[in-house]
Amino acid sequence: MPSGAIGLPPGGTVHAHPEYTGPLALRYPDVRIGVKIRLTGAGLGGPCAIGGDVSIRSATHVDNAFPAPAARGCTRHGRDVDAVINAAANLPSPAGANTVILEEYFGLTPYNRLP
């Protein structure tokens, strides 16, 4: 997304990278995965991330019923920009106001076939 879209100086690009934080629970037909969204680019530094304990449940790998916590740990040229990112992205955001779509592939092996 353009950096200006989240309140940072224009001309840069902010990248959002989902990262697994655990746990992973498979209870057919539901999947529960802990994720956080790492923000990089546009001069951002520090451990800038949204969440860390966001749980996503879905049999279709689409969820729009989870709350999105505030970003934290975001700096730009050594200056804290958490408030700028949170204001521009309307974070924290309540359940029902967010959407995530994940493409996931699971391979299951019976216990008796493990090495």
Side-chain angles (χ1 to χ4, degrees):
M1 79 181 78
S3 57
I6 60 169
L8 295 174
T13 301
V14 175
H15 302 277
H17 309 275
E19 294 181 3
Y20 174 74
T21 62
L24 168 65
L26 300 171
R27 291 196 176 129
Y28 185 81
D30 293 325
V31 177
R32 180 182 175 102
I33 303 169
V35 298
K36 67 180 169 185
I37 307 300
R38 172 91 45 216
L39 300 177
T40 61
L44 289 173
C48 184
I50 298 170
D53 57 357
V54 177
S55 294
I56 300 169
R57 293 181 184 132
S58 177
T60 60
H61 308 287
V62 176
D63 189 355
N64 57 11
F66 63 94
R72 63 178 182 232
C74 304
T75 62
R76 187 166 196 281
H77 303 301
R79 197 183 95 221
D80 183 321
V81 293
D82 291 349
V84 172
I85 290 172
N86 290 330
N90 294 319
L91 296 173
S93 180
N98 313 290
T99 299
V100 66
I101 302 170
L102 300 173
E103 292 184 31
E104 302 158 20
Y105 301 91
F106 295 96
L108 301 176
T109 300
Y111 180 79
N112 63 355
R113 296 187 74 191
L114 292 174

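Because only heavy atoms are used, hydrogens play no part in the values below, and waters and symmetry mates are left out as well, while side chains stay in. We number each residue from 1, following the sequence as shown.
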Closest non-hydrogen atoms of R79 and V84, given as atom of the first, atom of the second and distance, are NH2-CG2, 4.4 Å
On a heavy-atom basis, the closest approach of S93 and A97 is OG-CB, 3.4 Å
Quiz item: Hey, does V100 have a side-chain heavy atom less than 4.5 Å from the side chain of P18?
Solution: no
Taking every heavy atom of A49 against every heavy atom of C74, the minimum-distance pair comes out as N-SG, 4.1 Å
Notebook entry, point to check: Is there side-chain contact between P47 and R38, with at least one heavy-atom pair below 4.5 Å?
Noted result: yes
Given the options N98, N86, I37, I50 meets side-chain contact (heavy atoms from CB on, under 4.5 Å) only with I37
Check your understanding: With distance as the sole test, does T99 use its side chain to make a donor-acceptor pair with the main-chain N or O of N64 at under 3.5 Å?
Key -> no
Applied to residues 85-102, the salt bridge (Lys or Arg N to Asp or Glu O under 4.0 Å) test, sequence neighbours excluded, yields none
Interatomic distance, CG@L44 vs NE2@H15, rounded to 0.5 Å, equals 10.0 Å
Exercise. Are the side chains of V14 and I85 in touch, meaning some heavy atoms are under 4.5 Å apart?
Worked result: no
All heavy atoms of T40 vs all of H17, minimum pair found to be OG1-NE2, 2.9 Å
Here the pair of heavy atoms bringing A65 nearest to A95 is O-CB, 3.3 Å
